[in-house]
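Heads up: the structure comes next, in structure tokens.
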Amino acid sequence: VLHGGSLAALIAVFHTELKRFWHVVRAPKKADTKDKNILYWILFATIPTLVFGYFGSDSLEIFRTPNGVAGGLLFCALLFLAAERFPKKKSDATTKRSAALSALFQIIALLPGVSRSGIVTAAGMLSGTSRKEATRFAFLLGIPVITAAFSYSLLQILLGEVLFSLDVLRIGIGFIASAVSGFFM
């Protein structure tokens, strides 16, 4: 439910970009080159995360402890510190290098306590992308990953693999809280 709220917020914020990406898919020859590149980098950086998330996420459960979460938070803090303290010449375009580093760090974000959007933003900044573009790319990159996580969770519920309480009030509050906080991030 929380993934669904986050996804709704991302779609609301990036609806213009998503329309342009749909145009790339429908009419690639007529589409803007920058939109084609960003869509390509999003796909390039998403596939490894989906593969590792599906096949390797169970191996990360050993980190789902207070110390594991604290370690993830500390790692994120140190990474942000490095991204802020050691700036390179910043570009307003996502590059192959930035997308590759984002893909790697997005896999690391599967660890408990690690912020996916935060770590991907820091990866972009470390690879020479401006903070604004790195943040934009990190959130756009979240759309397919969050969609996959949300869809997988729904499938597990429908197949009865995960017990789910149908407490509509709590579900609604969780969805709305996730969507509103995601929208204003």
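In what follows, every heavy atom counts, from backbone to side chain, and hydrogens, waters and symmetry copies are set aside. What you are looking at is a predicted structure, and each value in this text was computed from that prediction instead of being measured.
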Smallest separation among heavy atoms of A31 and K36, with atom names:
O-CE, 3.5 Å

CD1 (I108) and CD1 (I119) are apart, to the nearest 0.5 Å, by 5.0 Å

Over all heavy atoms of both residues, which pair between F137 and A45 is shortest? Give the atoms and the distance, please.
CZ-CB, 4.5 Å

How many angstroms lie between CG in L140 and CG in L18, if you round to the nearest 0.5 Å?
7.0 Å

Tightest non-hydrogen contact, residues S178 and G5, listed as OG-C, 3.5 Å

With clusters defined by side-chain heavy atoms of hydrophobic residues (ILVMFWY) lying less than 4.5 Å apart, directly or transitively, does I11 cluster with I42?
yes

Any side-chain heavy-atom pair from L110 and F52 closer than 4.5 angstrom?
yes

When rounded to the nearest 0.5 Å, the distance separating CG of L141 from CZ of R116 is 5.5 Å

With the side chain counted from C-beta on, respond yes when L126 and L79 share a heavy-atom pair under 4.5 Å apart, and no when they do not.
yes

Looking at T49 and A103, what are the two nearest heavy atoms and their distance?
OG1-O, 3.9 Å

Apply the hydrophobic cluster definition, ILVMFWY joined by side-chain contacts under 4.5 Å directly or through others, and give me every member besides V51.
I47, Y54, F55, Y152

Between Q106 and V145, is a side chain to side chain contact (heavy atoms under 4.5 Å, CB included) present by the stated rule, with each step listed?
CA-CA 9 Å; Q106 187 165 251; V145 172; 3.4 Å; yes

Please examine the side chains of F75 and L111, heavy atoms only from C-beta on, and report whether any two atoms are closer than 4.5 Å.
no

Would you give the length of the straight line joining atom CG of N37 to atom CH2 of W41, rounded to the nearest 0.5 angstrom?
7.0 Å

Taking the side chain as every heavy atom from C-beta outward, state whether F21 and V25 have any pair of such atoms under 4.5 Å apart.
no

According to a hydrophobic-cluster definition based on side-chain heavy atoms being under 4.5 Å apart (Ile, Leu, Val, Met, Phe, Trp, Tyr only), do I146 and L60 belong together?
yes

Would you list the pairs meeting side-chain hydrogen bond (donor to acceptor under 3.5 Å, both in side chains) in which at least one residue belongs to residues 117-141, sequence neighbours left out?
E84-R131, D92-S130, T94-E133, S98-S127, S98-T129, E133-R136

Check the hydrophobic clustering (I, L, V, M, F, W, Y; side-chain heavy atoms under 4.5 Å; chains of links allowed) and say if F183 and F14 are grouped together.
yes

Working to the nearest 0.5 angstrom, can you tell me the gap between F150 CZ and L2 CG?
10.0 Å

Where is the tightest heavy-atom contact between V1 and G174, given as atom of each residue plus distance?
CG1-C, 4.3 Å

Roughly how far apart are D35 CG and I38 CD1, rounded to 0.5 Å?
8.0 Å

With clusters defined by side-chain heavy atoms of hydrophobic residues (ILVMFWY) lying less than 4.5 Å apart, directly or transitively, does V114 cluster with I62?
yes

Atom of A179, atom of A9 and distance for their closest heavy-atom approach
O-CB, 3.3 Å

Connected via hydrophobic side-chain network under 4.5 Å: I107 and F63:
yes

